[in-house]
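In the text below, chain A, chain B and the rest are named by the order of the sequence lines, each starting its count at 1.
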2 protein chains.
Amino acid sequence: METLDAVSALGALAQEHRLAVFRMLVKAGLDGMPAGEIADELGVPASSMSFHLAQLNRAGLVTQRRESRSLIYTADFDRMNGLLAYLIEDCCQGRPEVCAPTAEAVSRAACCTPPQKKRARK
Amino acid sequence: METLDAVSALGALAQEHRLAVFRMLVKAGLDGMPAGEIADELGVPASSMSFHLAQLNRAGLVTQRRESRSLIYTADFDRMNGLLAYLIEDCCQGRPEVCAPTAEAVSRAACCTPPQKKRARK
DNA sequence: TCGATAATTCGAGTATCATCGAAATATTGA
DNA sequence: TCAATATTTCGATGATACTCGAATTATCGA
């Protein structure tokens, strides 16, 4: 991940509502959640939530797919892993012997693997 | 680390200059760097840099100590580790079996351990 | 085709961020 | 005590960010 991508991803997560959304979407896994449900759950007006979802989307941290009338948002686990890897490498940069093994472990372990597919929502 | 602390730390890193400063300070290790040198290195006016350093400081990602006329800034490795741990837990939240071992590995390895003390600057 | 549902885009208001020169503060050495 | 150095704080400016109601777009079922 490039530095500018990291800045953009960090900025997307650096907001209370958006961090909450992302946490929620991680929990939801590959099924994702419709915009309206996210907004309801967090008690934020739909138009405000739409703004935040667009930011997360632009930063690549969530993807969007239409399912009938709903737009389903899903966390992008690869992207989040990319950010984590960047931060860990960044953090240890110039001193790889200190924690490169850890960075390596993280990237090998593919930390943010989406959980196995769940049942379709009722 | 609490969610609001994470938002604040993420916000501090979500800016090109500040991310560059943090990278630089990580490289510098416990010795840290004086504000002026940081500003020079990045080609940013001193007053602008002071603003950014204050933000990093407020977010707890750097500490400040006076050494004669200079203010030396140092990366706070514990804080950065806290942020990484938060993000990794966050990312895997509700599905610990997927990557808890990785989070554990990261925290055990103390990824952002400051490198051993270097020579005093000339 | 029409009404209902789900969401986004628009517009306007307020707030916070980023920038940078000038002025103020802290420290040192002579 | 005074000039020089290192840095911050102040003030002003322009740019983004956040909020949310109203208007618009897309889709579905009858």
ask   = For C:dA18, does OP1 or OP2 lie under 4.0 Å from any side-chain N or O of B:Gln55?
value = yes
request  = Go through C:dT19, D:dT7, C:dT8 for me and flag the one nearest to the A:Gln64 side chain.
outcome  = C:dT8
query = Would you say a side-chain N or O of A:Arg69 is under 4.0 Å from OP1 or OP2 of D:dG29?
reply = no
query = Between A:Arg58 and A:Ser8, does any side-chain donor sit less than 3.5 Å from a side-chain acceptor?
reply = no
Below 4.0 Å: OP1/OP2 of D:dT8 and any side-chain N or O of B:Tyr73 = yes
request  = Using only side-chain N and O atoms of A:Ser50, determine if any of them is under 4.0 Å from OP1 or OP2 of C:dT8.
outcome  = yes
query = Phosphate oxygens OP1/OP2 of C:dC17: is one of them under 4.0 Å from a side-chain N or O of B:His52?
reply = no
task = Tell me which nucleotide among D:dT8, C:dC20, C:dA7 gets nearest to the side chain of A:Pro34.
result = C:dA7
task = Look at A:Ser70 and C:dT5 and indicate whether a side-chain polar atom (N or O) is within less than 4.0 Å of OP1 or OP2.
result = no
ask   = With a 4.0 Å cut-off on heavy atoms, is A:Ser47 in touch with a base, just the backbone sugar-phosphate, or nothing at all?
value = base
inquiry  = Nearest to the side chain of B:Phe51, heavy atoms from C-beta on, is which of C:dA7, D:dC20, C:dA18?
reply    = C:dA18
ask   = Distance check: side-chain N/O of B:Arg66 vs OP1/OP2 of C:dT27, anything under 4.0 Å?
value = yes
ask   = OP1 or OP2 of C:dC20 less than 4.0 angstrom from a side-chain nitrogen or oxygen of B:Ser48, does that happen here?
value = yes
inquiry  = Within the 4.0 Å heavy-atom criterion, would you say B:Ala46 contacts the bases, only the backbone, or no part of the nucleic acid?
reply    = base
